K.L.:
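There's a structure below that I have some questions on.
Chain identifiers are assigned alphabetically (A, B, ...) following the order of the sequence lines, protein sequences preceding nucleic acid strands; residue numbering begins at 1 within each chain. On a predicted model such as this, the values are computed, not experimentally measured, just so you know.
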Protein chains: 2
Amino acid sequence: MPKIVNHEERREQLAKAVWRIIRREGLEGVSVRRVAEEAGMSLGSLRHYFDSQSALLAFSMRLVSERIKKRVQSLPLDGDLRENIETLIGQIVPLDEERLAESQIWIAFSTFALTEPGLRPLSQEIHDSLREMFRKIIDSLAQSKLLKPGLDTELEAKRFHALVDGLLVHGVIAPEAMRAEEIAGIIARHLDSLLVQQRGA
Amino acid sequence: MPKIVNHEERREQLAKAVWRIIRREGLEGVSVRRVAEEAGMSLGSLRHYFDSQSALLAFSMRLVSERIKKRVQSLPLDGDLRENIETLIGQIVPLDEERLAESQIWIAFSTFALTEPGLRPLSQEIHDSLREMFRKIIDSLAQSKLLKPGLDTELEAKRFHALVDGLLVHGVIAPEAMRAEEIAGIIARHLDSLLVQQRGA
DNA sequence: TTTTTTTTAATACAGTTGTGTTATTAAGCA
DNA sequence: TGCTTAATAACACAACTGTATTAAAAAAAA
C-alpha cells in the first residue's frame, strides 16, 4: 500500500514557501524551481502536488484568504458592538507582523489577479465578501441605533471599506509613516465619527 | 552632423508602450522585446534610448507621476476652497478612463517597487508628496475656519489620504462596484463630515 | 521479506528573458 | 554631392522559465 503523506500539509508547506518568496522578492520571483528550493524539496515533488504553477499560485492565494477568514470567524466577539467591530477590523489591517505579512501577500496577489484571468474570480469573491462585511457592520450599527441618524448606510459602508483598505495599503507601502497605533487610531476616529455620542463614555 | 531626433519624445513613446502592456498584461508582461514591438521599433532602438530594462521601468514610472503632478499644478483652482479640494482630488482618483488607466499603472508600479530597490525611493517620494498634499489640504481648511473645531489635523490628513487611496484601489480592482459617481460621492461625504455646516448651502 | 504504489530525483526540451556585439541604414550639415 | 554620426537592425549568448518524461527510491501492507 502507498506511502502515506499528509497531502494537504505538503501543499500548505509549498504555499508558505510561495508567501516567503513573495515577501522577499515579489511575485515575479515565484518560479516553480525557487519555490521547491524554498520549501526544501525537489521540483518533481512540487509538481506532484501541483500540476502547474497556476494551480500553486491559486492555492497559495486562497490559503491566505482562508487563514484570515478562519481567524475572523473564530473571534469571541463578546464585547459590545463597537468593540467587536474594532476587533474584527483589527484582523484585517497590518497591526502586527503576522497581519503585515498577510497584507503584503494579499496586495501582491490582488495586483497580479488584475491581469490573470485564472485568479480574478477569487480576487473578486474575496473583495465582495469584504464589502458585504462592511455593509453588515454599518447595518448592525444602524439597527442598534448607534449610527448617527440620517446617514446613507450603503455609502458609509463603502466609505469605511475604502478607508480600511487604504490603511492596509499605507501600512504596507509606508510602514514608517503608518504605524499600528496610527492605523488603530484612525479606525477608532472613523467609528467615533459614525456613532452617536455615548453618554457613559 | 547627426540625425536629429527628439530624444525625450522617443523615450515617452516607449514609456507609453510600457503603460499599455501593464494595463493589458501586467508588469510581468513588460519584457524589452515586447515593449519595442508595442512601440513599433526594434529592440536595438529601445536599447539606444534605455541602457537597461530597469532604466525603462524607472522612466515609465516617473512619467506617470509627473503627468499627474503637472495636471494638478496646472489646475485653475479659482473656486472656493472646498471646490478646489474636490477638483484636486478628482485628478487622482479614477473618475474617467484616463485616470483609471493611470491608477492601474500606478498600482502596478507601487506593488512592484515594494521588492525592487531601484524603484522604492521614487515610490516613497511620491507617496510622501501625496501625504504632504493631504496635510496641506487639512491645514488650509483649519486656517480658513472651515474645519470642524477640535479635530486632530495630522490624523485627519492621514485618514483622508488613506480613504482616497482606498477609493483608487477599489476603483481599479472592482470598478463595477465603485463607479466614478460613487467615488465622487464618498469624497464629498467625507468633506461634509470634516467641514462646519455652511450657512448658505 | 516481498509486493505495490506513492513519492522523489534527474534530465531534457523548447521558449523566453536581459544584455552585448557588430553591420547596416539614414539623416543632417558642409 | 560627400561626410559624419545618430539610429537601427540582426544576431549571439548564457541564464532562466514552465512543463514533460523517465528512472530510482521509499514506505506501507502482505
Side-chain angles (χ1 to χ4, degrees), chain A residues 1-22 24-61 108-109 111-113 115-119, chain B residues 1-22 24-61 108-109 111-113 115-119:
Chain A
M1 278 299 196
K3 170 181 169 183
I4 293 193
V5 166
N6 189 330
H7 220 77
E8 204 57 17
E9 198 173 274
R10 290 288 226 188
R11 288 162 72 90
E12 294 194 7
Q13 184 182 342
L14 283 161
K16 285 174 185 172
V18 169
W19 296 353
R20 289 195 295 275
I21 296 172
I22 286 179
R24 236 180 20 237
E25 314 170 31
L27 237 158
E28 315 79 44
V30 181
S31 72
V32 286
R33 284 174 180 81
R34 199 180 287 272
V35 172
E37 186 193 32
E38 176 77 26
M41 61 178 79
S42 75
L43 177 57
S45 311
L46 182 150
R47 291 232 25 186
H48 184 262
Y49 292 105
F50 292 102
D51 283 348
S52 68
Q53 189 191 34
S54 310
L56 169 60
L57 289 176
F59 182 86
S60 304
M61 185 175 179
F109 274 126
T111 306
F112 187 60
T115 50
E116 204 65 22
L119 292 182
Chain B
M1 278 299 195
K3 170 180 169 182
I4 292 193
V5 166
N6 190 330
H7 220 77
E8 205 57 18
E9 198 172 275
R10 290 288 227 188
R11 288 163 70 91
E12 294 193 6
Q13 184 182 342
L14 284 161
K16 285 174 183 171
V18 169
W19 296 353
R20 288 195 296 275
I21 296 171
I22 287 179
R24 236 180 20 236
E25 313 169 30
L27 237 159
E28 315 79 44
V30 181
S31 72
V32 286
R33 284 174 180 81
R34 199 180 287 273
V35 172
E37 187 192 32
E38 175 77 28
M41 62 177 79
S42 75
L43 177 57
S45 311
L46 182 151
R47 291 232 22 188
H48 184 262
Y49 292 104
F50 293 102
D51 283 347
S52 68
Q53 188 191 35
S54 311
L56 169 60
L57 289 176
F59 182 86
S60 305
M61 185 176 180
F109 274 127
T111 306
F112 187 61
T115 50
E116 203 65 21
L119 293 181

K.L.:
Tell me the interatomic distance from A/E28, atom CD, to C/dG18, atom P, rounded to whole angstroms.
P.N.:
13 Å
K.L.:
Where do B/R11 and B/Y49 come nearest, in terms of heavy atoms and distance?
P.N.:
NH1-O, 2.7 Å
K.L.:
Distance check needed: D/dA7 C1' versus B/R11 CZ, whole Å only.
P.N.:
15 Å
K.L.:
Could you report the tightest heavy-atom contact between A/V35 and A/L14, atom names first, then the distance?
P.N.:
CG1-O, 3.9 Å
K.L.:
Among D/dG18, D/dA7, C/dG18, which is the nearest nucleotide to the side chain of A/S31?
P.N.:
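The answer is D/dG18, which lies nearest to the side chain.
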K.L.:
For residues A/E25 and B/T115, report the shortest heavy-atom separation together with the two atoms involved.
P.N.:
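Closest pair (atom of A/E25, atom of B/T115, distance): O-OG1, 3.4 Å.
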K.L.:
Identify the two heavy atoms, one from A/Q13 and one from A/A39, that lie closest to each other, and give their separation to 0.1 Å.
P.N.:
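In this case the closest contact between A/Q13 and A/A39 is NE2-O, 3.4 Å.
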K.L.:
Please report the interatomic distance CZ(B/R20) to CD1(B/I22), rounded to the nearest 0.5 Å.
P.N.:
11.5 Å
K.L.:
Tell me, do A/E38 and A/R24 make a side-chain contact under 4.5 Å, heavy atoms counted?
P.N.:
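Yes, at least one pair of side-chain atoms sits under 4.5 Å.
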K.L.:
Round to a whole Å and report the spacing from CG of A/L57 to C1' of D/dT17.
P.N.:
13 Å
K.L.:
Tell me which of A/D51 and A/G29 sits closer to the 5' end of DNA chain D, going by the nucleotide each one is nearest to.
P.N.:
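On the 5' side of the pair lies A/G29.
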K.L.:
Name all residues meeting the side chain to side chain contact (heavy atoms under 4.5 Å, CB included) criterion together with A/V32; count only those two or more places apart in sequence or in a different chain, and write none if there are none.
P.N.:
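If we apply the side chain to side chain contact (heavy atoms under 4.5 Å, CB included) test to A/V32, skipping adjacent residues, the hits are A/L43, A/L46, A/Q53.
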K.L.:
Which of the following nucleotides, D/dT19, D/dA7, C/dA9, is nearest to the side chain of A/Q53?
P.N.:
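Within the option list, the nearest is D/dT19.
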K.L.:
Tell me the interatomic distance from B/E8, atom CD, to D/dA7, atom C1', rounded to whole angstroms.
P.N.:
17 Å
K.L.:
Tell me whether the side-chain N/O atoms of B/H48 come closer than 4.0 Å to OP1 or OP2 in D/dT8.
P.N.:
no
K.L.:
Can you find a heavy atom in the side chain of A/R10 that is under 4.5 Å from one in the side chain of A/M41?
P.N.:
yes
K.L.:
What integer distance in Å separates A/R10:CZ from C/dT6:P?
P.N.:
16 Å
K.L.:
In whole Å, I'd like the distance from the NE2 atom of A/H7 to the C1' atom of C/dT8.
P.N.:
14 Å
K.L.:
Is the phosphate of D/dT8, meaning OP1 or OP2, less than 4.0 Å from a side-chain N or O of B/Y49?
P.N.:
yes
K.L.:
Go through the structure and list residues passing side chain to side chain contact (heavy atoms under 4.5 Å, CB included) with A/S31, not counting sequence neighbours.
P.N.:
A/R33, A/R34
K.L.:
For nucleotides 23-25 of chain C, print each protein N/O atom paired with a nucleotide N/O atom at under 3.5 Å, atom names and distance only.
P.N.:
none

K.L.:
Does A/E37 CD have over 12 foreign heavy atoms under 6.0 Å away?
P.N.:
no
K.L.:
Output the rounded distance in Å from CD (B/E25) to C1' (C/dT16).
P.N.:
13 Å
K.L.:
Contacts to DNA chain C from residues 33-43 of chain B, heavy-atom cutoff under 4.0 Å, which residues?
P.N.:
B/R33, B/L43
K.L.:
Without decimals, in angstroms, what is the distance between A/Q13 CD and C/dT8 C1'?
P.N.:
14 Å
K.L.:
Does B/S60 have any side chain to side chain contact (heavy atoms under 4.5 Å, CB included) partners at least two apart in sequence or in another chain, and if so, which?
P.N.:
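B/A15, B/V18, B/W19, B/L56, B/F109.
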K.L.:
Do you know which two heavy atoms are closest between B/A108 and A/T111, and how far apart they sit?
P.N.:
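Smallest interatomic distance, heavy atoms only, reads CA-CG2, 4.1 Å.
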K.L.:
With 3.5 Å as the limit, what N/O pairs link the protein to nucleotides 21-25 of chain D?
P.N.:
none

